[in-house]
Number of protein chains: 2
Amino acid sequence: MTTETKEPLHIPAGHGVAAELIAVLVAVISEAPHIMTIRDARALPSGPFESSHRSLQSGLREWVEQQTGHPIGYMEQLYTFADRDRGEADKRTISISYLGLTREESRADARDSEWRDWYDYFPWEDHRKGTPELFEAVVAPRLRQWADEAPGKAARADRWQRAAITFGLDEFAWNEELVLQRYELLYEAGLVTEAERGQKPVLPGRAMLADHRRILATGIARLRAKIKYRPVVFELMPPAFSLLQLQRSVEALAGRLLHKQNFRRLIEQQELVEETGLSSFETGGRPAKLFRFRQAVLAERAAAGTKLPLLRP
Amino acid sequence: MTTETKEPLHIPAGHGVAAELIAVLVAVISEAPHIMTIRDARALPSGPFESSHRSLQSGLREWVEQQTGHPIGYMEQLYTFADRDRGEADKRTISISYLGLTREESRADARDSEWRDWYDYFPWEDHRKGTPELFEAVVAPRLRQWADEAPGKAARADRWQRAAITFGLDEFAWNEELVLQRYELLYEAGLVTEAERGQKPVLPGRAMLADHRRILATGIARLRAKIKYRPVVFELMPPAFSLLQLQRSVEALAGRLLHKQNFRRLIEQQELVEETGLSSFETGGRPAKLFRFRQAVLAERAAAGTKLPLLRP
DNA sequence: CGCTATAATACTCACTTTGAGCATTTATAG
DNA sequence: CTATAAATGCTCAAAGTGAGTATTATAGCG
C-alpha cells in the first residue's frame, strides 16, 4: 500500500545513510532450535538495502537466499537501530532486523553458511534440564560481584534486584522471555565477550561480530513471547507431526519443559490441529497420531482474546 | 550498547538512502485519546534522521520538540518501512516510526501543531457508545459490495470473511486491536480518501498526507494491544487519579466500555496502584479515592505470566 | 507367547480467574 | 429530606489451569 505525495514531506537530507538488512532465521532441527549463520558462524545473514530491492522484506529475502541458499517462509520485523561507530565518519548505518521462520531442508549449500544451535550463543538460556549448573557456578556469583561493585548502597541493591529479576535468582521465577534483558545485563557487567575485546570471556557462549548476538537475543525473545499467543510454531514444523514432536519443538524454543497432558489439552481445545489419519510407529511406544496444522485458524483467529473486563453490549 | 568492529561487515552502498523519523505521540485529554499533529492536522510530527542525532530516539525527540514544543515521555519503536515512490528516482526513503506517550500539558505552542482526537481519523474505531451507526449505514453494505465485486465465488467468500472478521460482522465479535487490518482493508476496498485521490471519501474520517494515517493506525493498534499486558496507561495519567478516571482513559484508548467493578478488581489485585490519601469531590457522587501508580511494579513485573503449561521443577 | 519398557491418550479434581450482577455507602444538589 | 451520582463491597456460576492418576497400544526380547 503506497501513496504518492506531490509535495514531499521533507527535503531529503544531503548526506543520507546506509541501510543494512539483518536476518534471524530460525529452524528446529532434531528438537533443537537453530539459526542460520555465515562467516564461520560468527554473523547473521545480512546485506545492504539497495535501490534494486522492491521492499525491505524482499531485499532481505534476496540476501539470505544468496548467502545461504535457503528460502524464508514466515517473516516479521524485529527492530531498527542506528550505529554511530561503524563506517565513515559522516555516514551512519541503519540496521533493520527481521525474524524469519522456516523448515530446515538440509540443503547443504555450505557457501560459508551453516545452521547452529542457538544455545551455542546463549548457554544460560536452556533450562530444559533444569537450571544450568552455570548459574550456581558462575552467573549468580559474578552478578553478585558486579552488584557489589556499584557505588552506594542503593545502587548495589538496585543492580542486584535487576540481576535477580532477569535471571530468576532469589525468590524470582525464571522468565524465559527476558533473553535480551539478560544479554544486556551480562554485557553491562562485562561477562560476555563482545564487551571486553581480547579478554577471555567469563561465561561460555559463542560471540558474534558487531552486535549480531544482541540481535539474535532480540529474535529469540520475540519468538519465545509469540509462540504463546500466535500459532507460529507451525511454521517450523513438518507438514505432519505428532503432538509430542510439537511439544518438543515448543520446549526447544522456550527452553523449558512442558506438562504433556496439559499441553495436549491446550492444543486440542484451541483446535489448532486436525488429524491426518496417519500414525507414527517410530518411537517404540504406542503409535502417535499425526496431525497437521489447521490453516483455517489463521483466518478465524485474527487476534488473541481480550484481557480487559469488557461490558456486555 | 555499541560494539566497534574493525572490519565492517559490508561495504556501504554507493548511493545510500534517506531516513525519516515519524512519531505517533499520544495523550488522553478530557477522556478522549489525542495525537499530536502538524500541518493543519494532516501529518504526524516527523523529520529526517541526521548525523548530528545521537540515536534514532533522540533524533525523534528533537524533531517533536522543535515542531510541537512538547516533550515525549515513554517511547517505543513501531515499524520501519521503505517507500519507493517518494523523492528522487534512485534515492529511497526509509521511515522509522515510533509510538510516544505523554501527559498533555496544554502548552499552546501552536507552531502549526495541535492535538487531535484520534477518532477524527478513524470514526469507525470508537465503540464506546455501541457499534457506530456508520456500520449499518455504510461500512457493512460497502464491504459487502466490495466482496461481491471479486471475480470467482471463492474470492468473494474470502473477501467477505476477511471483512467480517476484521469488522466484527456476522457472527464475529468486534476486536479493537485490528485497527491496522481494518484501515488496510478499507484502503483496498477504496473506501478511504488516501486511496482515491481527488474523489470524495465514502467514509467519514480525516485523511493524512502520505501514509501517515496508516502509521497512526499502527500506533493505535500497538497501544490497544499493549495496555492489556503492560502498565503503560499510567504514562498517560496525571500523578494522582481516581479509578474511574483510569477506567475512562483505558476505555478511550480501547474504544470500548469496561465493567466497572471488575476493572477495579483487576487493578487492585495486580497491585498496580496505591492510595495517595487524597480524595476527589468533583464528580457529584461519593468522593473517589485518588491513587498513584506504584513505580515498583515496573521493576517487579518484568514481563507477563506464561501461557504455556509448564512442568514443575 | 507373555512380559516389559515406552509412549500415547483418557480422565479427575482442586483451585484460580473471569463475567455478570446485586447491594450498600457516601457524597452533592436541590 | 430526597433524589441522584458515584464509589465501593460482595456473591456466584462458568471457564480455565495446574498437577496428577489411570488406561491403552506398540515394539523388542527371552
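Only a predicted model underlies this, so the values are computations on that prediction, with no experimental measurement involved.
- Two rings, from Trp174(A) and His127(A), have their centers less than 6.0 Å apart.
- Salt-bridge formation is detected for the pair Arg256(A)/Glu176(A): a Lys NZ or Arg NE/NH1/NH2 atom is positioned less than 4.0 Å from an Asp or Glu carboxylate oxygen.
- Scanning both residues, Val179(B) and Arg224(B), for their nearest heavy atoms gives CG2-NH1, 3.8 Å.
- Computed from coordinates, the Leu290(A) CG to dA7(C) C1' distance equals 14 Å when rounded to whole Å.
- Contacts of Leu244(B) with the nucleic acid, taken as non-hydrogen atoms under 4.0 Å apart, involve only primed sugar atoms and P, OP1 or OP2.
- Between Leu278(B) atom CG and dA7(D) atom P the separation is 16 Å, expressed in whole Å.
- Dashed line: the shortest gap from a side-chain N or O of Arg264(B) to OP1 or OP2 of dA7(D) is not under 4.0 Å.
- Taking the six-membered ring for Trp and thresholds of 30 and 60 degrees, Phe234(B) and Phe293(B) have nearly parallel ring planes, at less than 30 degrees apart.
- Residue Glu282(A) contributes atom CD, which lies 12 Å from atom P of dG28(D) at whole-angstrom precision.
- Remark: Tyr98(B) pairs with Gln77(B) by the side-chain hydrogen bond (donor to acceptor under 3.5 Å, both in side chains) rule, at least two apart or across chains.
- For the pair Glu268(A) CD and dA8(C) C1', the computed distance is 11 Å after rounding to whole Å.
- Atom pair Leu243(A):CG and dT6(C):P shows a separation of 21 Å (rounding to whole Å applied).
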Salt bridge (Lys or Arg N to Asp or Glu O under 4.0 Å) evaluation trace for Glu76(B) with Arg222(B): CA-CA 10 Å; Glu76(B) 74 175 55; Arg222(B) 177 80 127 260; 2.7 Å; yes
Summary of protein contacts for nucleotides 15-30 of chain C, nucleotide by nucleotide, where a base hit scores B, a sugar-phosphate-only hit scores S (4.0 Å, heavy atoms): ---BBBBB--BBBS--
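- Whole-Å rounding puts the Leu246(B) CG to dA7(D) P distance at 12 Å.
- Distance, Lys228(A) NZ to dT17(D) P: 14 Å, rounded to whole Å.
- Contact check, Lys260(B) against dA7(D): a side-chain N or O comes under 4.0 Å of OP1 or OP2.
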